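Structure first, commentary second.
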2 protein chains.
Amino acid sequence: MNQDTSESTPAGRGNARGEVTRSRLLDAALRSFATRGFHGTSTRDIADAAGMSPAAVYIHYRTKEELLFQLSLSGHRQVREIVDGAAAESTRPDEQIRQVVERYTAWHARHHTMAHVVQHEMPALNPTHAEEIATIRRGIEARIRKIVTTGADAGCFEVSNPAMTALAILSLGIDVARWYREDGAWSPDEIGNEYGELTLRMLTSRR
Amino acid sequence: MNQDTSESTPAGRGNARGEVTRSRLLDAALRSFATRGFHGTSTRDIADAAGMSPAAVYIHYRTKEELLFQLSLSGHRQVREIVDGAAAESTRPDEQIRQVVERYTAWHARHHTMAHVVQHEMPALNPTHAEEIATIRRGIEARIRKIVTTGADAGCFEVSNPAMTALAILSLGIDVARWYREDGAWSPDEIGNEYGELTLRMLTSRR
DNA sequence: GTCTATAGTTCGATAGAC
DNA sequence: GTCTATCGAACTATAGAC
């Protein structure tokens, strides 16, 4: 559960104490949402997990939904940066997709708590926040779909339905957050490597 | 949303009226749970969706959780029968896994509303009910893992990690329930066929 | 078997002392 | 900035009339 939810903060800004408290609340909310879901979590649950009174929550966040939104925003931005960074590692579609899948999948295992909340609590966001998150999601999906279609057009991949195959690749990574166990047999990196192989097989026809 | 949640009932049993009401309540609960989640759904939501008063719900089901359990049980049994039936179609692992994936995936698309509830609301079940559902799940997972390992041992598949590959195959089907849209470009059967192909590619190494 | 009415609890969020 | 105390609403489930 050691998943950092804080943004990097310059030291000695004077608001360091407040940032720590906000971070502790985000961590508490993340663990609560992951365990019982957004609607199954009360503000008292979050306050207890953070070692504070229910009233203290509202000094730092206006509503319970605001906590979910900040978590969703942080998680989606992390994923976007991981995918962008991996895609920039090469100009070859096959090497790009391998890097993306390895890191995307490993992230969903390593940060399975946040990944679960990010992937499955979106309907609990208010319409404004949901749209902001959906925009980031569409960017991530488009980036992966682009790699598949570019590789298919270049003859690097042999796929009959690039758009559906891109969805399948996303599904593999996303669902790792559901079944991954910290005390399981495989590390996040091992899962990422194996899934990278499986993905390249999906993208290349047998002879 | 035309997803039948009722068990087949012999006509003219005398309790036909009661069965219809129970079925309407299950349908209402299913749609509500799928839209807002179990904890986000009130018994008034379910009653409204079924065209009844909140009190009428409790004549047919003891608690809100009982409704979720009956839905989960029905959904999991449907999946188990689909997987068992598909596996019985052949003795060749490659044909077995193709049939299983085609039908498993198509089911998750066609019954995406139930699939979503079945796959993601398990933590809301009470411990007794959760264990009963988990037993069915383990059977389904074991059945698919068995096909993969049998095929690997027979040299029919070439996989470095059969257990993880079996999880990947399950993930592909499960996550279809998240992204499938009834007004989308592909039918459940089309998705099933494509996913059957992708799965066979994953199970066979390139030369 | 279904209704209206409501009991008893818990919820999200706020007031005001310190 | 954190606390105790609490408001008003919404919740699950039940009581009792019909």
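In this text, all values refer to a predicted model and were calculated from it rather than measured experimentally. In what follows, chains carry the letters A, B, and so on, assigned in the order in which the sequence lines appear, proteins first and then strands, with residues in each chain numbered from 1.
Counting to the nearest Å, the P atom of dA13(D) and the CD atom of E66(B) are 11 Å from each other. I59(B) places its CD1 atom 12 Å from the P atom of dT14(D), with the value rounded to the nearest Å. For the pair H60(B) NE2 and dA13(D) C1', the interatomic distance rounds to 15 Å; values are reported in whole Å. Protein atom CE of M52(B) is 7 Å distant from nucleotide atom C1' of dT2(C), rounded to whole Å. Atom CD1 of I46(A) is separated from atom C1' of dT2(D) by 17 Å (rounded to the nearest Å).
Salt bridge present: R92(A) and D94(A) bring a charged side-chain N and a carboxylate O closer than 4.0 Å. By the 4.0 Å N-to-carboxylate-O rule, D27(A) lies too far from R24(A) to be salt-bridged with it.
Note on residues 184-196 of chain B: pairs passing side chain to side chain donor-acceptor pair (under 3.5 Å), not counting sequence neighbours, are S160(A)-E194(B), R110(B)-D189(B).
Side-chain contact of Q78(A) with S74(A): a donor-acceptor pair under 3.5 Å is present, judged by distance alone.
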Kindly list each side-chain donor-acceptor pair under 3.5 angstrom involving residues 146-153 of chain A, sequence neighbours excluded, with atom names and distances?
| unit_1 | atom_1 | unit_2 | atom_2 | d |
| --- | --- | --- | --- | --- |
| T149(A) | OG1 | R145(A) | O | 3.1 |
| T149(A) | OG1 | K146(A) | O | 3.0 |
| T150(A) | OG1 | K146(A) | O | 2.7 |

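Here the closest non-hydrogen pair linking H116(B) and A177(B) is N-CB, 4.1 Å.
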(Q) Counting primed atoms plus P, OP1 and OP2 as sugar-phosphate and everything else as base, spell out the protein contacts along nucleotides 11-18 of chain C at 4.0 Å heavy-atom distance: B, S or - for each nucleotide, 5' to 3'. (A) BBBBB---
